[in-house]
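One structure is given here, and the rest of the page talks about it.
Chain A is the first sequence line, chain B the second, and so forth, proteins listed ahead of strands; every chain is numbered from 1.
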Amino acid sequence: MNAETPSSGNEPLNFIEEIIEEDLRTGRHSGVQTRFPPEPNGYLHIGHAKSICLNFGLAQKYNGKCNLRYDDTNPTKEEQEYVDSILSDVRWLGFEPDQVLYASDYFQQLYEWAVQLIRDGKAYVDFSTPEEIAAAKGSPTVPGTPTKYRDTSPEENLALFERMKSGDFPDGHCVLRAKIDLASPNMHLRDPYLYRIKHAHHHRTGDDWCIYPMYDWAHGQCDSIERITHSVCTLEFIPHRALYDWFIEQLGIFPSKQYEFARLNLNYTVMSKRKLLQLVQENHVRGWDDPRMPTISGLRRRGYTPESIREFAKRVGVAKRENIIDVGLLEFCLREDLNKRAPRRFAVLRPLKVVITNYPEGNAVEWLETENNPEDPEAGKRKLPFSRELYIEQDDFMENPPPKYFRLSPGGMVRLKSAYIIKCTSTVKDNHGRVIELHCTYIPESRSGQDTSGLKVQGVIHWLSAAYAKPAEVRLYDRLFQLEDPAAEEDFKKSLNPHSLELIPEAMVEPALAEAQPGDRFQFTRLGYFCADPDSVAGKPVFNRSVTLKDAWAKEVKKQI
RNA sequence: UGGCCCAUGGUGUAACGGUAGCACAGCAGAUUUUGGUUCUGUUAGUCAGGGUUCGAAUCCUUGUGGGCCAACCA
């Protein structure tokens, strides 16, 4: 019964875990039952991930259970497409719901409870217009006044509600209201709506109902039916708690309790479903799963791992303070994860041709061994072809290098990783004066692993054999917004970053990468972590850059400006 | 101008009346055939005033700042 608290160790508890452990200790509850209750009106985002990790994590930690419950009480906004994506996103994150349930499973029960409330004289049918009702509610400083329907008898209300249910009235003709307290300082208690009329097709119940319960009338009772012990939601529901408790008390049902935590905000992005939907509908992004989107599906396509997102959720913590998390923390979690697991590969984004003038002409090739992952000896080694003509990164050559630049420049030397040291002897330019080719010599004794040259060079760069390299499309991403808090602006779209997507149609990659399957993740040495996109086709893979490597040189360059 | 929630380094988050700690970011150095990783060191904080107390980030109070609340949305 009083479960041992697995956390009794070192990790500090968040405030919800403290409440749970107190409830377990005092015997108020013998176990933990939570739920994740999304409305299926959009795709899940990183903010939901925090809630998912919290709710499912709590259940795991205390040997309890967690349901997925769709809050599908508004048929005009909800769709099966969203229902499906939500379940798959939850699973992808690594959680399996104990039960998959719907608020609509309980429509009949909720209806009966409403009848009970009417019978008890605690609810009434109101035919006033929305404007009249709003006016009669008063304001936070002015008490409300009753409409003329407030004192209709229970018998009459019962009949009226029955007519509502059977479709006698058109949409918006009347509503069912709870009779609570028109003078409450909490506006939610000023006779809230329980039911509204919507002759709309519901994605699950079809045309069975034309009255639909409001959030407040549904949520607490659904929790109660499922015997949710700890109903965790975000801060903006604090004022609803009094109502949540009132309904449960009037009905005398299982006393679920609501606890509120601060939702997750990330800088340089927006998080509301409404705004995300707008980005999709107005084609500012390519879809809900655009790799720039903070949606779970976007992050997945970008190359984020479930592990990294769970770690992120753990690191941001749970508290009641409003927060804006630095997206850098999310990126850190991905790098930390991928550094240990992602195989290294060579890719050259913007190729610059290099001819090794003292290397044999013709088809001469050497297969040089290189590590798949220096962090993981188990990952083994692979062989790379080395030949007379190579590609290196344009960024790895500068004609007039700034101080501390230790890549290649005229007369300078650099090591080709896992291969030879080369020296730049001359450049070839086009008629605009741009360097389009390098002539270099290589030092035969400097071969990796058997270097007897005695040379010390500071720079080590990646490279590709021109004869063996394969083409690939690469997509680089930058933050979607230029402002830290775009939602704070009058028009959040004004701060959209016009350079959030950079397409590189003609990158080159090492031969093995041609067969990359969508979802495969790699570190392109010195460039960052990349993930093969579903747009990949045979012979022409497409890679998304998930995140760059930390770049000390970029920082140094910034300093010099 | 009603009620409610919140306030700890740049960003998050601990400290439960008794030494303000951890992580990310930053800075400096060491190692490095990825300007990555790893390691070491380091900068930086209790919103303000009053009170209670031997002792306050913590309790009380006032103020300030931020957020939420009056959709037939959730």
Using whole Å, report how far [atom1] of [X] lies from [atom2] of [N].
X: Glu556(A); N: G29(B); atom1: CD; atom2: C1'; value: 15 Å
X: Leu416(A); N: U34(B); atom1: CG; atom2: P; value: 13 Å
X: His188(A); N: A74(B); atom1: NE2; atom2: P; value: 13 Å

- Task: Kindly say if Lys555(A) contacts the phosphate of C27(B), meaning a side-chain N or O under 4.0 Å from OP1 or OP2.
- Result: yes
- Pair of N/O donor and acceptor under 3.5 Å linking G12(B) base with Arg315(A) side chain: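 No, the side chain and the base share no sub-3.5 Å donor-acceptor pair.
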- Task: Mind listing the residues from residues 329-345 of chain A sitting with a heavy atom below 4.0 Å of RNA chain B? Number order is fine.
- Result: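 By residue number: Leu329(A), Phe332(A), Asn339(A), Arg344(A).
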- Query: Just checking Lys273(A): base, sugar-phosphate only, or nothing, at a heavy-atom cut-off of under 4.0 Å?
  - Reply: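 Counting heavy atoms under 4.0 Å across all strands, no contact is made by Lys273(A).
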- Message: What's Lys417(A) touching, base or sugar-phosphate or nothing? Going by heavy atoms closer than 4.0 Å.
- Response: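 Here Lys417(A) touches the bases of the nucleic acid.
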- So which nucleotide from A14(B), G12(B), U33(B) ends up closest to the side chain of Pro12(A)?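 Nearest to the side-chain atoms of Pro12(A), counting from C-beta on, is A14(B).
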- Which one, C72(B), C4(B), U37(B), comes nearest to the side chain of Val175(A)?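 Closest nucleotide among those given: C72(B).
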Produce the list of close N/O pairs, under 3.5 Å, pairing protein atoms with atoms of nucleotides 60-67 of chain B; give distances to one decimal.
residue, atom, partner, partner atom, Å
G67(B), O2', Glu322(A), OE2, 2.8

- Query: So which nucleotide does U34(B) pair with, by the Watson-Crick or G-U wobble rule with both distances under 3.5 Å?
  - Reply: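 Matched U34(B) with nothing under the 3.5 Å cut-off.
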- Item | Identity of whatever pairs with G2(B) - Watson-Crick or G-U, under 3.5 angstrom |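 The answer is C69(B), by the H-bond criterion.
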